[in-house]
Amino acid sequence: MSASHKRTLVTSALPYANGPIHIGHIAGAYLPADLFVRYLRSRKRDVVWVCGSDEHGAAITLRARKEGTTPRAIVDRYHVEMQEAFAGLDIAFDHYDRTSSAEHHAFAQQFFLELLEKGAFTEETRQQFYDPVERQFLADRYIQGTCPKCGYESAYGDQCESCGTALSPDDLIGPTSTLSGATPERRDTTLWYLPMDRHEDWLREYLDKGIFQGADHHDPKAWKAHVLGQCRSWIEGGLQSRAMTRDLDWGVPVPVEGAEGKVLYVWLDAPLGYITATRHWAEKKGVDWKPYWMDPETQLVHFIGKDNIVFHCIIFPILLKEHGGYLLPHNVPANEFMNLEGDKISTSRNWAVWAKEYIEDFPGRSDEMRYVLASIMPEQKDAEFTWEDFQARVNNELADVLGNFVNRVFVLTGKFHGGKAPGASGRWTEVDRALLDLVASTPGAVGDAIERYRFRDALQHAMGLVRAGNKYLTEEEPWKVVKTDPERAADILHLALQVTANAAIVLSPFLPRTAQRLAMALGTSELPWDAAGSALVAEGQPLGDLPILFEKITDEQVAHQQAKLGPDQEGMRDVEAEKEQTTFDDFQAMDLRVAEVLAAEKVKGADKLLQLTVRTGYDERTVVSGIAEHFSPDDVVGRKVVLLANLAPRKIRGVVSQGMVLMASTEDGGLRFITPEEGVEAGDVIR
RNA sequence: GGCGAGGUAGCUCAGCUGGUUAGAGCGCAGGAUUCAUAAUCCUGAGGUCGAGAGUUCAAGUCUCUCUCUCGCUACCA
C-alpha cells in the first residue's frame with residue numbers, strides 16, 4: 001500500500017489526559033505506529049506521525065473537582081507525564097501536540113463553522129434555562145423546583161423524584177439552578193446534530209469496496225476483519241444523529257453567538273487535533289502541511305485501539321467529507337485489547353504495567369518491552385501479557401538467540417582476525433548461498449509484513465535471520481575450520497558479520513537502541529533499510545567494543561513486578577468523586593427499609609435485569625434490579641435486603657418497579673448486597 | 001436481547017482467495033557440540049483445529065444450529 005503513495009501521514013489515538021500510560025495503550029496504538037513509522041523512515045519515505053494529548057471533556061473537570069484543582073492543572077500534569085512515558089519506550093512521534101492550545105481551539109472552531117455553513121449539521125433551537133450567575137445553559141437535571149403535581153419542593157427538571165412524574169423544566173414552580181441557586185432565565189439555545197443517517201450509502205461503498213466519490217480509494221481486504229465488522233454492524237443498525245455540542249465549560253467553545261457555556265463534542269474536537277498537530281509540525285519544519293491532509297497521493301493511517309473504531313471509521317470520515325478537501329483514512333489498523341496476568345487491565349484497580357514505572361524499574365531497557373509487546377501484539381484478538389512470558393522472551397529470544405549470536409560473531413572475529421572484519425574469497429558453498437538468499441529476502445519479507453500491519457509476523461521474519469545465523473555458525477564451525485583452511489573460515493565469518501549487520505537493520509524498528517549499538521560497533525552510525533540484503537561490513541572494518549546486549553531477567557524481578565499489581569495496601573483507593581453536599585432533610589426524605597426477597601426471575605429481553613418480588617412486612621411489591629449479570633434468581637431468593645421503599649415507581653422494560661434494592665459496587669466491578677445483621681426483620685426502618 | 005470479533009499443540013499465537021501427512025516460538029524428552037551470555041544446533045513426543053449438522057471430489061478455511069470468551073449497544077432509579 002505505502003509503496004503506491006508518495007507520502008504517509010500516520011496518527012495515533014490522542015491519549016486522554018486523565019491518567020498515566022500503560023502497556024495496553026502502548027501495544028494498542030503507539031508501538032504499532034512507531035514500528036510502521038520507523039520502517040518508513042528507514043526507507044527514506046516521506047512520513048509524518050502526529051499525536052497529542054486529548055485534554056477536554058467532562059471526566060477531566062470531574063477529576064479536577066475531586067482533587068480540588070483546575071482542569072488546566074490536570075491536563076498540564078498529564079501532558080508532561082505522558083510524553084515522558086512515551087519517550088521512555090522510544091515512542092518517537094514527529095510531533096506531540098495538545099488539544100487545549102489556542103491554535104487548536106481556533107482551528108476546531110473554524111472547522112465547525114465551515115461545516116455549519118455547508119449544512120452538515122441540523123440545528124434545533126429551543127428555549128432552555130440559563131444560569132445568569134454561572135453563565136451557562138442548564139441541563140434539565142441541573143434545575144430544581146416545586147413539582148406541580150405533588151408539591152415536592154426538590155423536583156428535578158426531568159422528573160419528580162417524589163411522585164415519579166416526568167417533567168420538563170417549564171413545569172417546575174419556582175425553578176432554581178442547582179449550580180448557583182440563582183433563578184434561571186429562559187433563553188433560546190441551538191443544538192447542533194450530525195445527521196449520520198444521510199451518509200450511510202457512501203460509507204458503505206467506502207468501507208466495503210474501498211471506493212470514495214467514484215474512485216478507488218483503498219483495498220478493503222487490507223483492513224482488519226474486526227474493524228470492518230464493527231463498522232458494518234453500526235451502519236446496518238442505522239446511524240443515529242449525534243449531538244456535536246455539549247453543555248460544559250471545559251473544551252472548545254462553540255463559536256456561535258448565544259452558545260455560551262457550550263463546547264464542541266470531544267469527538268469532533270479530538271480528531272481535528274490530528275490536523276492541528278500536523279500544522280504545528282509543518283510550521284516547526286517550515287513546510288506546507290496541506291499536502292499531508294489534502295493531496296490524494298498521501299495515504300492516511302490511523303492507529304487506534306478497538307474502542308475507537310466507530311469514531312475513526314465513521315464519524316470522523318463523515319466530518320472530513322462534509323468539509324471537503326480532506327483525505328479520508330486509507331486504513332485504520334485498530335488493535336484489540338491487551339490483558340494482563342489473566343485479567344483485564346484496569347487503571348482503578350492498579351492492574352496495569354505503567355510505562356513510567358517500567359522505565360524506572362528497568363532503566364535503559366525499552367527495547368525489551370518493545371520486543372515483547374511486538375511479539376504478543378493484539379493484532380486480531382485480545383492478547384495476554386504475563387511477566388513470566390516477558391522473562392522467557394527476553395531471556396530465550398533476545399539474550400540467547402540474538403545477544404548470544406552477536407557475541408559469538410564478535411568474539412570469533414576478535415580471536416581469528418584481530419577484531420577486523422575479514423574479506424570474502426567469493427567462493428560460496430551451497431550453504432552460503434542459501435544464507436545469502438535469506439539475507440537478501442528478509443528485508444522484503446519484514447517490510448511487506450509491516451506494510452500489512454502484521455508486526456508479529458514481521459518480527460518473526462527478522463528473528464528468523466538471526467536464528468539462521470546461529471545455525472550457520474554451529475554447522476560450519478569456523479573455530480575448527482580455521483585450523484585447516486583459514487580462508488574458508490574467513491568466508492564464514494565474513495558472512496556471519498553480514499548477517500549481523502542485516503539483522504540490525506531489519507530489527508531496527510523493533511529494537512532501535514540495540515540496532516544503534518550494533519551499528520556503532522560495526523563502524524557506522526546509520527543502517528538504512530534499502531542497504532539491507534547485501535554485504536554491509538567491508539573488509540578490514542575494525543569492530544568496536546560490544547558489551548552484553550541483553551541482561552537476563554531474574555526470577556526476583558518477575559516476582560517483584562507481579563507483586564506490584566493490584567491495589568496499594570496502604571494507599572487510598574481511586575474511587576469516583578464524592579457527590580455534592582446534601583442535607584439531613586434530603587436524607588430524611590428517603591424511606592429505607594429491610595425487605596425480604598420472595599421470588600426472582602429474569603426480565604425477558606434484558607441481560608442485566610432481575611424482577612424481584614419483595615416482602616416489606618406491610619405489603620408485597622415488585623422491584624426491578626439491574627443485577628442479573630452478578631446474581632441468578634436462585635442466589636437472591638430468601639435474602640434480606642435494603643430497600644429504598646418510597647422511590648417513585650418507574651417502568652423498566654415494561655415492568656413497573658416499586659423501589660430500589662441497595663447494592664455496593666466493588667472495586668472489581670462486581671456487586672454485593674447490603675445485608676442486614678441477624679435479627680432484623682422485613683419492614684424494619686433504617687435511619 | 002441485537003450486532004461484531006474470537007475459541008487451532010502444555011503456554012503465547014500463525015494459518016491470507018477451501019487442496020498433498022495442520023505450522024512457529026516457548027516449554028518438555030533424547031542427542032550433537034563448545035566459538036559463545038549453561039549459550040547454540042539436530043531429532044522427537046504432543047492437536048478428533050469449541051460441539052453438532054450441512055455444501056463439496058476436497059473444509060481449520062464456506063453455510064446453519066448450539067456453546068464459551070471479549071467488545072459495541074439497549075435495559076441497569
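Computed over heavy atoms, backbone and side chain alike; hydrogens, waters and symmetry mates excluded. Note that this is a predicted model, so its numbers are computed, not measured. Throughout, protein chains are lettered first and strands after them, A, B, ... in sequence-line order, and every chain is numbered starting at 1.
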For N339(A) and for M377(A), locate the closest nucleotide of RNA chain B by heavy-atom distance; then report the residue assigned to the nucleotide nearer the 5' terminus.
-> M377(A)

Side chain of N335(A), backbone of A27(A): donor and acceptor closer than 3.5 Å?
-> yes

Any donor-acceptor pair under 3.5 Å linking the side chain of R456(A) with the backbone of M377(A)?
-> yes

Between L612(A) (CG) and A77(B) (P), how many Å, whole number?
-> 10 Å

Atom CZ of R456(A) and atom C1' of U12(B): how far apart are they, to the nearest Å?
-> 7 Å

Across the strands shown, which category fits S625(A) at heavy-atom distances under 4.0 angstrom: base, sugar-phosphate, nothing?
-> sugar-phosphate

Would you mind classifying the nucleic acid contact of A383(A) as base, sugar-phosphate or nothing, using non-hydrogen atoms under 4.0 angstrom?
-> sugar-phosphate

Residue matched to G18(B) through Watson-Crick or wobble contacts both under 3.5 angstrom | none

Where the side chain of M660(A) is concerned, which of C70(B), A36(B), A77(B) is the nearest nucleotide?
-> A77(B)

May I ask you to say what L412(A) touches in the nucleic acid, namely base, sugar-phosphate or nothing, with a heavy-atom cut-off under 4.0 Å?
-> base

Around atom NZ of K602(A), are there more than 12 heavy atoms of other residues, nucleotides or ligands at under 6.0 Å?
-> yes

Between W387(A) and F362(A), what is the ring plane arrangement, given parallel below 30°, perpendicular above 60°, and tilted in between?
-> parallel

Are K552(A) and A39(B) close enough that a side-chain N or O sits under 4.0 Å from OP1 or OP2?
-> yes

Please determine, for the side chain of A225(A), which listed nucleotide (G6(B), G71(B), G25(B)) has the closest atom?
-> G6(B)

Among U40(B), U37(B), C3(B), find the nucleotide with the atom closest to the side chain of V401(A).
-> U40(B)

If G1(B) has a Watson-Crick or G-U wobble mate with both distances under 3.5 Å, name it; if not, just say none.
-> U73(B)

Ignoring backbone atoms, establish whether N470(A) has a side-chain N or O less than 4.0 Å from OP1 or OP2 of A39(B).
-> no

Base, sugar-phosphate alone, or nothing: which one does K415(A) contact when heavy atoms must sit under 4.0 Å apart?
-> sugar-phosphate

Taking the side chain of E397(A) as heavy atoms from C-beta outward, which of A36(B), G4(B), C26(B) is closest to it?
-> C26(B)

Watson-Crick or G-U wobble mate for C35(B), both contacts under 3.5 Å | none

Ignoring backbone atoms, test whether R467(A) places a side-chain nitrogen or oxygen under 4.0 Å from the OP1 or OP2 oxygen of A39(B).
-> no

Looking for any heavy atom pair under 4.0 Å, which part of the strands does E336(A) touch: base, sugar-phosphate only, or nothing?
-> sugar-phosphate

Among the candidates C70(B), C26(B), C35(B), find the nucleotide nearest to the side-chain atoms of A392(A).
-> C26(B)

Re U63(B): Watson-Crick or G-U wobble partner, both distances kept under 3.5 Å, found to be A53(B)

Please report, rounded to the nearest Å, how far the P atom of C72(B) is from the CG atom of N308(A).
-> 11 Å

Complement of A24(B), any strand, by Watson-Crick or G-U distances under 3.5 angstrom | U12(B)

Which part of the nucleic acid, if any, lies within reach of V624(A) when heavy atoms closer than 4.0 Å are counted: base, sugar-phosphate only, or nothing?
-> sugar-phosphate

Select base, sugar-phosphate, or nothing to describe what E388(A) touches, counting heavy atoms under 4.0 Å on all strands.
-> nothing

Shortest side-chain distance from R452(A), nucleotide among A77(B), U37(B), C16(B) = C16(B)

Atom-pair distance (CG on L340(A); P on U12(B)), nearest Å | 14 Å

Would you classify F416(A) as touching base, sugar-phosphate or nothing, given that sugar-phosphate means primed atoms plus P, OP1 and OP2, and contacts are heavy atoms under 4.0 Å?
-> nothing

Hey, does the side chain of Q380(A) come within less than 4.0 Å of G15(B)'s phosphate (OP1/OP2), counting only N and O?
-> yes

Measure from the side chain of W479(A), starting at C-beta and using heavy atoms only, and say which of C13(B), U34(B), C76(B) lies closest.
-> U34(B)

Phosphate-side-chain proximity, K381(A) and G71(B), N/O vs OP1/OP2 below 4.0 Å = no

G1(B) OP1/OP2 closer than 4.0 Å to side-chain N/O of K608(A) | no

Should the pair H330(A) and H218(A) be assigned to parallel (<30°), tilted (30 to 60°) or perpendicular (>60°) ring geometry?
-> perpendicular

Check whether more than 12 heavy atoms from other residues, nucleotides or ligands sit under 6.0 Å from atom CD of E388(A), and answer yes or no.
-> no

Rounded to whole Å, CD1 of I548(A) lies from P of U37(B) at a distance of 6 Å

Nearest of C70(B), U37(B), U12(B) to any side-chain atom of N404(A)?
-> U37(B)

Hey, are the side chains of E336(A) and H226(A) touching, using non-hydrogen atoms and a 4.5 Å cut-off?
-> yes

OP1, OP2 of U34(B) versus side-chain N and O of K480(A): anything below 4.0 Å?
-> yes

Using Watson-Crick geometry (N1-N3 plus N6-O4 or O6-N4) or G-U wobble (N1-O2, O6-N3), each under 3.5 Å, G46(B) is paired with none

Consider the side chain of R454(A), meaning its heavy atoms from C-beta on, and name the nucleotide among A36(B), G15(B), G6(B) that approaches it most closely.
-> G15(B)

In terms of the angle between their ring planes, are H312(A) and W267(A) parallel, tilted or perpendicular, with boundaries placed at 30° and 60°?
-> perpendicular

